[in-house]
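All values reported here derive from a predicted model rather than from experimental measurement.
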Amino acid sequence: MQADIAVFVFLGLLPLLLSSSAARYEWPAGKEEEGDGERGEVTYDGRALIINGTRAMLFSGEIHYTRSTPEMWPKLISKAKRGGLDVIQTYVFWNVHEPIQGQYNFEGRYDLVKFIREIQAQGLYVSLRIGPFVEAEWKYGGFPFWLHDIPSITFRSDNEPFKRHMQGFVTKIVTMMKHEGLYYPQGGPIIISQIENEYQMIEPAFGPSGPRYVHWAAAMAVSLQTGVPWMMCKQNDAPDPVINTCNGLTCGETFVGPNSPNKPALWTENWTSRYPIYGNDTKMRSPEDIAFAVALFVARKKGSFVSYYMYHGGTNFGRFAASYVTTSYYDGAPLDEYGLIWQPTWGHLRELHAAVKQSSEPLLFGSYSNFSLGQEQEAHVFETDFKCVAFLVNFDQHKTPQVEFRNITLELAPKSISILSDCRSVVFETAKVNAQHGSRTANVVQFLNDINSWKAFVEPVPQDLSKSMYTGNQLFEQLTATNDETDYLWYIVRYENRANDGNQLVHLHVNSLAHILHAFVNNEYIGSIHGSHDGPRNIVLDTQISLKEGFNTISLLSVMVGSPDSGAHMERRSFGIQKVGIQQGQQPLHLLNNYLWRYQVGLFGEVDRIYMQEGTYSVAWIDINNLTYHPLTWYKTTFATPVGNDAVTLNLTSMGKGEVWVNGESIGRYWVSFRAPSGQPSQSLYHIPQRFLKPKENLLVLVEEMGGDPLQITVNTMSVTRVCGSVNELSVPPLQSRGKDPKVRIWCQGGKRISSIEFASYGNPVGDCRNFSIGSCHAESSEFVVKQVGGDVIFQYCQPSLEVTHAPESKKAF
């Protein structure tokens, strides 16, 4: 099914020329090299990585195979290539590949070799971050939890048990890559690998053991003889020949530089936004700011490798998100969670890549100089005998100064960098975005509001203490008890109430280092408490309860919203309930810590896998009736697969906190009741990959902890439905157009077509693509002319693009 897209076009002052027959830019075939035979090793010098005997200017983007599906990989990689990338970078996730010690999994979305081969097939290189500690807002930092139980282990230190297991996994991955012929000297795409990850941040916690571990890790990696360099990010003392690299927002300002004049400046993580966490609003990063940071790194640090973290964030399926991290990951990256091109970020960075690569020769081989152009302005010049490129930097965030550079007068926009090809012609300005904008829409395609289609199962609160999995006269540490295989651990205790004081108040006091606590007394729900990512580690429930005379059962459900992903001594971190007490009237708090506690790991519905089709028959589902907003309730229904290829989502705004499965596949945790300061959920739409869907009917199962209304859930499709572009007489001609005149090209994604021009103004339109209106000068024929120039292309042949070209002096179009 081919959907329509609305277009907004604004046209600026001075004569305008419109053409529907402009040649389309054809993307280069890529970096495929003839044959798959052996090649020389990848080396480096003080300017760049050296591939095939020559220095390389490389732009890279992080895409994690575990956060998407194999069906998505080809399009993600293709869009990254079209965006001007040379390299795809990924971590290797130990805990998905060896979840049980000695048992390996490289299937489905964990098929690392298939992912790398797809990158190779599309002519791109690979940067392989083996770690094996990755952090990455990923469960336990990528470590398998069984590592926690190895006797006498200390993670990430000069500790023999840890080093033995780390070396074993790293060696296994390297051996696999060699066996598959995936390193560059073998004819493969891997040009660089990473060992460890941001260790310098915690190294002081290990004393003398820290530096010894760094040297051991570097030597171990190099001894594997891959034929490509190794790097350590955020490790200023990375031992030779390992390259120290930068991670951060502004490495052009913060990077201390390579620790040897023979090492190049590499930026392994340029954060395209801030990863979202439950309870916080999304923090986006503007394309202007990202482009400024990249250009500054290239100019100031002579940077020759920049990798965007993330270029596509994807989805934290199942329980793989770290503590408080949302299921959606880096949705504001150049390719969004669903794989749609995020404009204008993608387009603006594509122009930047083209501008930098156009001057690769002077950047990689030319002499370098820099000098001041003003109080907050500076120039960086790279020059050979025949070619020259200049980066003119304005750090002033408010003023537009005029500067003189080689007898040319130029205006520099606030906080901007202008790139001058041949040191004369401006080919890119970081602060001026000429790429089109796009607006995503979540279209409701199915309401799940038929009460008769829903069934419910109330999760039983444990009462039969004889069926407990563990018992002990102490409060167990949660992750040790659960092996991090579930978010849930029941703590159950019997308390004898001998009070004869009439109506005196009774309080239950619970102190926990988990993330959420639900409390029940004699099977009655009495309250919940939760923490937050940036709040205190401990959460405290202090609530009034009613006790019957005699024995009372107190059932406490301790919940983790992800395990930790960083910090020193992760193996020592403690979670779960720390203290439980009863206070009656004015009496002192009576601690229950040393009572006989019984434990149930996981929910009953989890153990019986009632989210699977076959598991649904193991419990008695009932009509939903009055079970909306009921805590600890499972819900199930079915929904039809939407027509078409658009991304599919569930809108869970009406729910509270829990996890959701489609056809037995977990699409992640949800927590929409934890509102951000704006009053909105941190995430309300949850991605269902096409791979998870059946041709017709799909089973949907949710477990709801806090209470929600499943009747308000909708099935949505996500697509870009509005596009907008702007251009004026001062715009730099896009490098991809191969023309000399400014122009705007408006195009659609995903097989869509432009159906209408909703706004066009040739003059001085007011606003931007989000909020616009006609200005004091406006040509009444603007919309008519744009429709005419696009008419044959858009309406007759249904092509998904429109191109508007301006005469030499000016143009503006949205």
Mind checking whether [X] and [Y] have ring centres under 6.0 Å apart?
X: Phe162; Y: Phe143; answer: yes
X: His530; Y: Trp671; answer: yes
X: Tyr213; Y: Phe206; answer: no
X: His64; Y: Phe115; answer: no
X: His533; Y: Tyr278; answer: no
X: Phe692; Y: Phe317; answer: yes
X: Trp138; Y: Trp94; answer: no

Can you tell me if [X] uses its side chain to pair, donor with acceptor, with the backbone of [Y] under 3.5 Å?
X: Gln103; Y: Asn105; value: no
X: Ser468; Y: Tyr470; value: no
X: Glu196; Y: Ala217; value: no
X: Thr245; Y: Leu266; value: no
X: Tyr686; Y: Gln683; value: yes
X: Arg117; Y: Glu180; value: yes

Is the count of non-hydrogen atoms from other residues, nucleotides or ligands lying under 6.0 Å from [X] atom [atom1] greater than 12?
X: Gln225; atom1: CD; answer: no
X: Lys114; atom1: NZ; answer: no
X: Met220; atom1: CE; answer: yes
X: Glu107; atom1: CD; answer: no

Give a yes-or-no answer on whether the side chains of [X] and [Y] include a donor-acceptor pair shorter than 3.5 Å.
X: Asn538; Y: Gln578; result: no
X: Glu704; Y: Thr633; result: no
X: Thr268; Y: Asn247; result: yes
X: Ser528; Y: His518; result: yes
X: Glu659; Y: Tyr611; result: no
X: Gln89; Y: Glu269; result: no
X: Asn663; Y: Asn698; result: yes
X: Tyr488; Y: Glu606; result: no

Do you know which two heavy atoms are closest between [X] and [Y], and how far apart they sit?
X: Gly339; Y: Leu76; answer: CA-CD2, 3.6 Å
X: Glu41; Y: Pro185; answer: CA-CG, 3.8 Å
X: Ser127; Y: Val87; answer: N-CG1, 3.6 Å
X: Trp73; Y: Arg109; answer: CZ2-O, 3.8 Å
X: Ser60; Y: Ile88; answer: OG-C, 4.3 Å
X: Gly602; Y: Gln600; answer: O-NE2, 3.3 Å

*What is the ring orientation for Tyr104 with Phe106, classed by angle as parallel under 30°, tilted 30 to 60°, or perpendicular over 60°?*
parallel
Is the shortest side-chain heavy-atom distance between [X] and [Y] below 4.5 Å?
X: Arg573; Y: Arg537; result: yes
X: Thr226; Y: Met177; result: no
X: Ile130; Y: Trp230; result: yes
X: Gln690; Y: Val648; result: yes
X: Tyr183; Y: Val174; result: yes
X: Val461; Y: Gln463; result: yes
X: Val228; Y: Leu49; result: no
X: Trp634; Y: Glu459; result: yes

Option passing side-chain contact (heavy atoms from CB on, under 4.5 Å) with [X] (candidates [options]):
X: Trp597; options: Leu592, Asn473, Ile492, Thr471; value: Leu592
X: Pro189; options: Leu128, Val126, Leu124; value: Val126
X: Glu118; options: Val113, Asp111, Ile77; value: Ile77

_The single option from Phe604, Phe520, Tyr599, Phe476 passing ring-ring contact (aromatic ring centres under 6.0 Å, His included) against Trp490_ = Phe520
_Does Ile516 form a side-chain contact (heavy atoms from CB on, under 4.5 Å) with Met706? I'd like the steps, not just the answer._
CA-CA 10 Å; Ile516 301 175; Met706 299 179 174; 4.0 Å; yes
*Please assess Glu337 against Thr315 for the test side chain to side chain donor-acceptor pair (under 3.5 Å), listing each intermediate value before the final yes or no.*
CA-CA 6 Å; Glu337 179 183 4; Thr315 306; 2.7 Å; yes
_From CA spacing to verdict: salt bridge (charged side-chain N to carboxylate O under 4.0 Å, His left out), Arg691, Glu665_ = CA-CA 10 Å; Arg691 178 188 179 95; Glu665 296 276 3; 5.8 Å; no
*Give a yes or no on whether a salt bridge exists between Glu98 and Lys172, defined as a side-chain N under 4.0 angstrom from a carboxylate O.*
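No, Glu98 and Lys172 are not salt-bridged.
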*Begin with the C-alpha distance, continue with both residues' side-chain angles, and end with the deciding distance and a verdict on side chain to side chain donor-acceptor pair (under 3.5 Å) for Glu62 and Tyr330.*
CA-CA 11 Å; Glu62 190 108 5; Tyr330 276 84; over 6 Å; no
